[in-house]
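Here the structure is laid out as structure tokens; the discussion comes afterwards.
Every number for a ligand or one of its atoms is a count from 1 in the order of the listing.
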Amino acid sequence: MTFYITTAISYVNGAPHLGHAYEAITTDVIARHMRQRDPDVFFLTGTDEHGEPVADAARDLGVEPQQLADENAARFREMVRELNVSNDFFIRTTDEEHGRLVQQVLQRVHDNGYTHKGLYEGWYCPRCADFKVENEILDGNRCPIHFIELIRELEENWFFELSRFQDRLEQLFDDHRSFVMPLARYNEARAFIDSGLQDISLSRARMHWGVPVPWDPSHVFYVWFDALLNYYTALGYARPDEDLRDRFWPATFHIIGKDILKFHTVFWPAMLMAAELPVPEHVFVHGFLLGADGRKMSKSLGNVLDPADVLDSYGVDALRYYLVRDVPFGSDGAVGIDGARARYESELANEYGNLASRTIAMIRRYNDGRIPGADTDPELRDEFEGLVGEVIELIDAAEITAALDRIWQRVRRANRYVEERAPWQLAKDPKAHGELHRVLASLAEAVRVLSVLLSPYVPEGAAKLLDALGSPDLSLAGAEFAQRTLARPVAELAPLYPKR
Ligand code: ME8
């Protein structure tokens, strides 16, 4: 079984912001979890570098688009690294190989007869790079996302005959209820299709910053088609010695934000059908992180929380954990540094971190650092019964927040177990040493299982704990709560999430 997951690719008209970080982190949680089940995972992220969003920003700064793209793509790459994101490739749509493959695929769409030249007249948002249809336009001809005034465009373009895919898209949605997730987003996409599809621009005559149309080189492709194709083209050249398209196409999951639903759930499958390529299995649509004012975080609105503030103060696990835990995946959520601090202190430090420290310290103090060979306690074992299966089922549906919640219930249960059994009391009573060994063996197993399950969320802390236990195996096959005897004594463990 293979599993191919992607993020949207980010516009390089500015620096990365928390919304980009959020998407990279949440996608990474799923990718890391899947690798724990089956190693044949491919995880793609990257940057979207053509079209007006980038050309206009470069013009305003008085630099060439390529220069702006180079500078900002480097910042996105750096962000991904700092966030501990485990992508297998980073695509840039200015990669030469990408452009070549875009031309190949869209030439096929043209050869298959799904294009025509025509006059486009309508309203256009240069920030979205989107030709808005009637019901997407706010009063005063404004963009519903950026609130800026739309531009009246009148130009001769190549059109993609989207209208001819009305029936096939309806069929796709009828047959695959999980094509778009969650259900509310499925309904939204379905409503857009049901309202009747119109042909859309495939090329721009007045734009030059893009991939040239091979059958009419005075045009470049409309940036959205160039961009969407990244998911497919990347597989063609990510590995110099292997064309990964046979192995990984179609994608299992595209993870995107709600503002780009129409492109991914309507235009994209139609384009693939026109090119005779299989369509992706699922598009999962997450919500927006909102600023303190409750509005979309965006450069143009100036309400962006810098992820660096959380990273500098609390570290990478804290940012990853906070965003996944506080914002139910699929919904919007307002976020800020106070919330991040609270989750760090009360949960990462006081619950998981403390459980880990106590367990290791007690094994060292009361049993010379050896995990006792005693049987684990059925009471705690029962609490973990079925947990791995629950997590797997939830993450199959991209329910990463719900899965984290289930795991965390057991973190809390294990902490209560420490209080109830009070190993420090048992240690004072020579007659209770059998019980003490059972409690220590159970706690060692609990923190091990919890760390394996938490590692997609907090890879740094989980790895430290598993290292101290001498049990680095991350596979979910080995994550059932059982009795373990480990070869070497546990190592000293510095606090996973120290007080700041
Ligand atoms: O849309 N909260 O790029 P982009 C959560 N290049 N997610 C957010 C967000 C926020 N505040 N702000 C943005 C593009 N995003 C195109 C995509 S894909 C073929 C081309 C998400 O840089 C947004 O929804 O504007 C999108 O999924 C991603 O960040 C990149 O946004």
N or O pair under 3.5 Å between [X] and ligand 1:
X	value
Tyr231	no
Leu289	yes
Tyr22	no
His20	yes
Ala8	no
Ile9	yes

Over 60° means perpendicular and under 30° means parallel, so tell me whether Trp268 and His254 are parallel, tilted or perpendicular. tilted
Do the rings of Phe159 and His116 sit parallel, tilted or perpendicular, given the 30° and 60° boundaries? parallel
Under 4.0 Å from a heavy atom of [X]: which atoms of ligand 1 are those, numbered in the order shown and with their elements?
X	value
Asp48	6 (N), 16 (C), 20 (C)
His17	9 (C), 12 (N), 13 (C)
Gly257	24 (O), 27 (O)
Ala227	19 (C)
Asp259	23 (C), 24 (O)

Test item, Phe263 contacting ligand 1 (heavy atom, 4.0 angstrom):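 The answer is no: ligand 1 sits nowhere under 4.0 Å from a heavy atom of Phe263.
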Measuring from the heavy atoms of Gly287, does anything fall under 4.0 Å of ligand 1?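 Under 4.0 Å: yes for Gly287.
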Do other residues, nucleotides or ligands put more than 12 heavy atoms under 6.0 Å from Glu121 CD? yes
Counting heavy atoms only, which of His264, Glu23, Lys258 is nearest atom 26 (C) of ligand 1?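 Selected option, by shortest heavy-atom distance: Glu23.
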Distance-only donor-acceptor pairs under 3.5 Å for side chains of residues 58-69, two or more places apart:
residue	atom	partner	partner atom	Å
Arg59	NH1	Asp56	OD1	3.4
Gln66	NE2	Asp70	OD1	3.0
Gln67	NE2	Glu71	OE2	3.2

Closer than 4.0 angstrom, basic N to acidic O: yes or no for Arg500 and Glu345? no
Just checking Tyr222 against Phe131, ring centres under 6.0 Å apart? yes
Quick one: does NZ or CZ of Arg100 land under 6.0 Å from the six-membered ring centre of Tyr237, within 45 degrees of the ring axis? no
Classify the side-chain pair Asp28/Ser86 by whether it contains a donor and acceptor separated by less than 3.5 Å.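 Ser86 and Asp28 do have a side-chain donor-acceptor pair below 3.5 Å.
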Applying the ring-ring contact (aromatic ring centres under 6.0 Å, His included) criterion to Tyr314, which one of Tyr322, Tyr344, Tyr321 satisfies it? Tyr344
